[in-house]
Structure formats: C-alpha cells, structure tokens
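Some notes on the structure that comes next.
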Amino acid sequence: MKNLFVVIRVNPFSTIKNFEALRMCVGMLTSDNSMKVVFIEDGVYALSSSIDTGIINLPDADKHISTLKEMDFDIIAEKESLEERGIKDIKHDPILKSKDEIADLITEGDIVINW
C-alpha cells in the first residue's frame, strides 16, 4: 500500500483544475492505496460554503469531495490559508492542520500529486 497525497493549491474560479483533481481522486478510490486530499493556498476556496462556482459556470466539485468523505478518505485544509483568506464558513468538515503539520504529513507520502 502506498501513501498518496493530492495537494490542491489553485483557486476554483478560473480553472477546472480543482474539479479535475478531485475527479481523479474519486477515480482512484478502487486502489488499495491510502489517499489524503490537502487544500492549501487558494485551493481552500473550494471549501468555502459562501462560494458558488455554478455562478461562474464552472463544474461543482462538492460531489467529489462528499464521495471522498463518505469513503473515509481524509480531506485536510491548511489553517493559515483559511485565515489569510478570511474563510470561516467551511463546508465538508475538513481536518484543519497547520502548514508545518501538513509538511510533516507530506514527507510521509510515497506519491505526491500537486495541482
């Protein structure tokens, strides 16, 4: 079994990268690997309940995040990124970790995919 980390750092407003990253994660659910999805930097906007990507005609990644949560995969958000962007209304109940805690986690990863 491999420890897989998917790091999502881009904002969900101008690209479909977040959606595609999460779609890829759902596609990998059948593998025997341990997977954690980490939202950092502008990627944390995808977890804000006040953001509606449908307004700007982008795909909604919520269904993929919900699927990952239902399958007991960790969804992690960086505390500092949330604070810097003033995001307080967080959906999907992610595990909140500091930048240093996330760095330590990622060093344990066998595979890290950065979006």
Side-chain angles (χ1 to χ4, degrees):
M1 180 190 308
K2 302 269 185 192
N3 287 324
L4 174 65
F5 286 85
V6 177
V7 179
I8 299 175
R9 63 181 343 136
V10 297
N11 76 55
F13 309 125
S14 60
T15 179
I16 62 168
K17 285 185 179 182
N18 285 12
F19 177 81
E20 290 300 325
L22 291 162
R23 189 170 69 94
M24 174 199 71
C25 291
V26 170
M28 295 170 30
L29 287 176
T30 58
S31 71
D32 289 332
N33 297 319
S34 165
M35 183 171 41
K36 293 178 178 27
V37 181
V38 182
F39 291 87
I40 64 171
E41 299 170 1
D42 285 344
V44 296
Y45 282 115
L47 299 173
S48 173
S49 59
S50 63
I51 303 298
D52 181 3
T53 54
I55 292 173
I56 52 177
N57 203 26
L58 286 172
D60 184 10
D62 286 341
K63 65 181 178 180
H64 297 317
I65 297 171
S66 295
T67 299
L68 293 167
K69 290 283 291 184
E70 288 172 16
M71 300 295 291
D72 290 326
F73 286 93
D74 290 342
I75 304 296
I76 300 168
E78 183 189 297
K79 288 184 215 177
E80 292 88 344
S81 292
L82 291 166
E83 291 167 2
E84 288 169 10
R85 287 151 184 84
I87 299 172
K88 295 181 175 132
D89 54 336
I90 306 167
K91 57 186 171 183
H92 302 296
D93 195 29
I95 299 166
L96 302 180
K97 293 202 176 277
S98 71
K99 187 178 289 197
D100 291 337
E101 290 172 314
I102 289 172
D104 288 343
L105 271 177
I106 289 176
T107 61
E108 298 170 7
D110 298 309
I111 300 169
V112 178
I113 300 172
N114 186 25
W115 286 83

Practice prompt. Please name the pair of heavy atoms, one in Glu41 and one in Ser81, separated by the smallest distance, quoted to 0.1 Å.
Written response: N-OG, 2.8 Å
Response to the item:
Nearest heavy-atom approach of Ile87 to Val44 is CD1-CG2, 3.8 Å
Fill in: Derivation and outcome, side-chain contact (heavy atoms from CB on, under 4.5 Å), residues Asp104 and Lys97
CA-CA 10 Å; Asp104 288 343; Lys97 293 202 176 277; over 6 Å; no
According to a 4.5 Å side-chain heavy-atom criterion applied to Ile, Leu, Val, Met, Phe, Trp and Tyr, with indirect links allowed, do [X] and [Y] form part of one hydrophobic cluster?
X: Val38; Y: Leu105; result: yes
X: Ile111; Y: Ile75; result: yes
X: Ile65; Y: Met35; result: yes
X: Leu4; Y: Ile106; result: no
X: Leu47; Y: Tyr45; result: yes

How long is the span from the [atom1] atom in [X] to the [atom2] atom in [Y], to the nearest 0.5 Å?
X: Glu80; Y: Ile40; atom1: CD; atom2: CD1; answer: 10.5 Å
X: Leu22; Y: Ile16; atom1: CG; atom2: CD1; answer: 12.0 Å
X: Leu82; Y: Ile90; atom1: CG; atom2: CD1; answer: 4.5 Å
X: Ile102; Y: Phe39; atom1: CD1; atom2: CZ; answer: 11.0 Å
X: Thr67; Y: His64; atom1: OG1; atom2: NE2; answer: 7.5 Å
X: Ile95; Y: Lys79; atom1: CD1; atom2: NZ; answer: 12.0 Å

Sidechain-backbone polar pair: [X] side chain, [Y] backbone, donor-acceptor under 3.5 Å:
X: Asn33; Y: Lys2; value: yes
X: Lys69; Y: His92; value: yes
X: Asp110; Y: Asn3; value: yes

Item to complete: Answer yes when Lys17 and Glu20 have at least one side-chain N-carboxylate O distance shorter than 4.0 Å, and no when they do not.
Response: no
